[in-house]
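Worksheet: one structure, shown below.
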Amino acid sequence: MTSRIIPVDLFDLVVFGATGDLSQRKLLPALFHRDQQGQIPPGSRIIGCSRRALGSEEFTAFARKAIEDHVAADDRPPEVMQRFLARLSYVAADAAQDGGWADLERVLARGADRIRVFYLAVGPDLFGPICERLAASGMVTPRTRVVIEKPLGKSGASARALNETIGRVFAEPQIYRIDQYLGKETVQNLMALRFANALFEPVWNSGHVDHVQITVSETLGVEGRAGYYDTAGALRDMVQNHLLQLLCLVAMEPPVSTDADALRDEKLKVLKSLKPVAGDAVSQLTVRGQYRAGAANGGAVKGYLEELGAAASRTETFVALKADIANWRWSGVPFYLRTGKRLASRVSEIVVTFKPIPHSVFDASAGPIAPNRLVIRLQPDEGVKLWLMIKDPGPGGMRLSHVPLDMSFADAFNVRNPDAYERLIMDVVRGNQALFMRRDEVEAAWDWIDPMLEAWSASADLPKPYTSGTWGPSAAVALIERDGRTWYEDQDL
Ligand code: BG6
């Protein structure tokens, strides 16, 4: 099966932070893939911009290397590489200095009527200064959009301040707050599963669902990002955005349509229904951890403090928490969330566990009856598994087994799964904000997170140590087992 390509309008995309890690690993390869698929119209331009004094040829060489490193050889025929590299140019400009901005203006003036996208792949401290420069030099046209990367602030207050600053230059329909989790194929499949099938929605509530687990585990450590990471931690880096967005998509009411605002209105209602976790409840309902040396990805690895090069740090590299949604549909159904670095395996998945059957008609010899589970795997091996009880095949009486109805999307569709950034960048060009966070959503998510951060910083406790390559501190296991439940572990992992 081949995927359907919907062409986009002619555009100019300016990437600020063009020589940085995100540009190299994600943005340039994603744009290349879309070009290779024929989605980028002839004449569309990609303009790299950063403080570094590079020539366009040097930037082109940087981009070629990024593509060679991150796009499979079969997917980069020479003619596509040539076409793609011909779209690139580079302008050196520093948000703190006047030089370069007039050059950028001159380049863009040659496409004044085109869709114009400014992608801010830079730290949040530069969002304001860059937006102001763009406004001052008249580069913000009615067809202009701005993309901002997370983290948007460090707390509700700082997110509001950033939103204010950006909002002085761009109207909300021009602002694209990116969360790459919303661009992942299976996340959208979650919506298809819920709203394009009659089967699930009638049982998608506290009458039938026992609890929900959302796990985003990584085997990587903080790599070269310890400087940033130590100021953020897992709660800000992952839970405030990615995990809460997943929770919203599981828990929201059916939107009236898939229009951006219809969808975001429903997600916002979920965020506003989250029961506050504050004060003493924080130590009961959350667990934070920090990895120590151990084994990961087939080798010995250092602990967080050694990677950071510090004797101590209060930054968590793991969080597990129990959330409650105080609304009609979900009252009494806990949502257990966990995420961390240097865990036993890399997996992102949502597990919906249904309530046990009310009464068994089988003899004890049939064995125990496990509850139905719907497992939505985002990565790796995207797919959906529905765990059911069936009869063991063959003679010898009635014995029951818990087996998955297993659908791996790679096997089912046999297509390369596009990276989230491919879809999201094209959505920006198309002007579709459905998979981007609206200002009020981001602020509501911070409002729920802030009291946890405050309680942690007021507490004398440190994050609990865990050995790299394990599933985090034992307190995370206790968090769910106290409720008579266990974390889901897939036998395939
Ligand atoms: C980013 C976080 O947003 O998501 C990283 O800043 C994390 O710390 C990454 O590693 C995980 O994303 P993915 O798409 O690889 O699951």
Side-chain angles (χ1 to χ4, degrees), residues 17 20-27 29-30 33 69-70 119-124 147-154 159 176-190 214-247 249 288-291 296-297 301 304 307-308 313 315-319 337-350 376-383 409 416-425 435-437 441-442 445-446 449 463 468 472 493:
D21 182 59
L22 182 73
S23 166
Q24 180 189 16
R25 281 188 312 112
K26 294 288 183 183
L27 306 182
H33 274 301
D69 288 349
H70 298 285
Y119 197 121
L120 273 47
V122 294
V147 185
I148 45 183
E149 270 289 335
K150 61 165 273 277
L152 193 71
K154 294 192 67 188
Y176 290 72
R177 295 178 191 82
I178 212 160
D179 182 318
Q180 89 264 21
Y181 270 62
L182 292 180
K184 290 189 194 279
E185 191 69 23
T186 316
V187 171
Q188 291 172 70
N189 237 315
L190 178 58
I214 302 179
T215 295
V216 178
S217 63
E218 299 182 85
T219 51
L220 291 178
V222 289
E223 313 304 308
R225 298 163 77 223
Y228 148 74
Y229 195 87
D230 202 53
T231 65
L235 192 63
R236 290 189 180 96
D237 187 49
M238 298 293 287
V239 180
Q240 190 272 343
N241 33 76
H242 306 325
L243 276 86
L244 281 186
Q245 286 293 319
L246 297 181
L247 176 144
L249 293 172
R288 51 193 170 129
Q290 193 183 72
Y291 63 82
N297 298 321
V301 293
Y304 176 71
E307 279 188 59
L308 183 66
S313 162
T315 301
E316 77 288 355
T317 60
F318 174 96
V319 185
L337 274 46
R338 65 175 170 167
T339 182
K341 299 213 179 270
R342 287 281 189 242
L343 296 183
S345 55
R346 174 176 183 253
V347 63
S348 299
E349 66 191 0
I350 298 165
I376 301 151
R377 169 79 67 88
L378 275 58
Q379 59 193 22
D381 314 325
E382 296 87 341
F409 296 150
R416 179 188 70 88
N417 231 336
D419 186 77
Y421 280 93
E422 294 180 43
R423 166 175 294 111
L424 294 174
I425 298 172
L435 299 178
F436 296 83
M437 294 178 291
E441 270 184 89
V442 174
W446 277 120
I449 292 288
S468 288
L493 288 176

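Throughout, residue positions are numbered sequentially from 1 according to the sequence presented. All ligand and atom numbering here is 1-based and tracks the order in the structure.
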Worksheet item: Tell me: protein heavy atom nearest atom 16 (O) of ligand 1, and distance?
Response: Tyr181 OH, 2.5 Å
Practice prompt. Out of His242, Lys26, Arg25, Arg236, indicate the one that has the non-hydrogen atom closest to atom 1 (C) of ligand 1.
Written response: His242
Worksheet entry | Distance, nearest 0.5 Å, that separates CD of Gln180 from CG of Leu22 | 8.5 Å
Worksheet item: Does a salt bridge link Glu185 with Arg423, judged by any charged N lying under 4.0 Å from a carboxylate O?
Response: yes
Worksheet entry | Heavy atom of the protein closest to atom 15 (O) of ligand 1 (residue, atom name, distance) | Arg346 NH2, 4.0 Å
Worksheet item: Of the listed options (Lys150, Lys184, Arg225, Glu218), which comes nearest to atom 5 (C) of ligand 1 when hydrogens are ignored and any heavy atom counts?
Response: Arg225
Worksheet item: Which of the atoms in ligand 1, numbered in the order shown and given with their element, are less than 4.0 Å from a heavy-atom of Gln379?
Response: 13 (P), 16 (O)
Fill in: Minimum heavy-atom distance Ser348-Tyr181, with the two atoms named
OG-OH, 3.6 Å
Worksheet item: When you check the gap from the basic side-chain N to the acidic O, do Asp21 and Lys26 get nearer than 4.0 Å?
Response: no
Item to complete: Taking only heavy atoms of Asp237 into account, list the atoms of ligand 1 that are under 4.0 Å away from them.
Response: 2 (C), 5 (C), 6 (O), 8 (O)
Worksheet item: Just which atoms of ligand 1 are under 4.0 Å from any heavy atom in Lys341?
Response: 5 (C), 7 (C), 8 (O), 10 (O)
Worksheet item: Only one of Arg342, Glu307, Lys341 clears side chain to side chain donor-acceptor pair (under 3.5 Å) with Tyr291; which?
Response: Glu307
Worksheet item: Is the backbone of Ser345 close enough, under 3.5 Å, to the side chain of Ser217 for a donor and an acceptor to pair up by distance?
Response: yes
Practice prompt. For atom 4 (O) of ligand 1, find the nearest protein heavy atom and state the residue, atom name and distance (0.1 Å precision).
Written response: Gln180 NE2, 3.1 Å
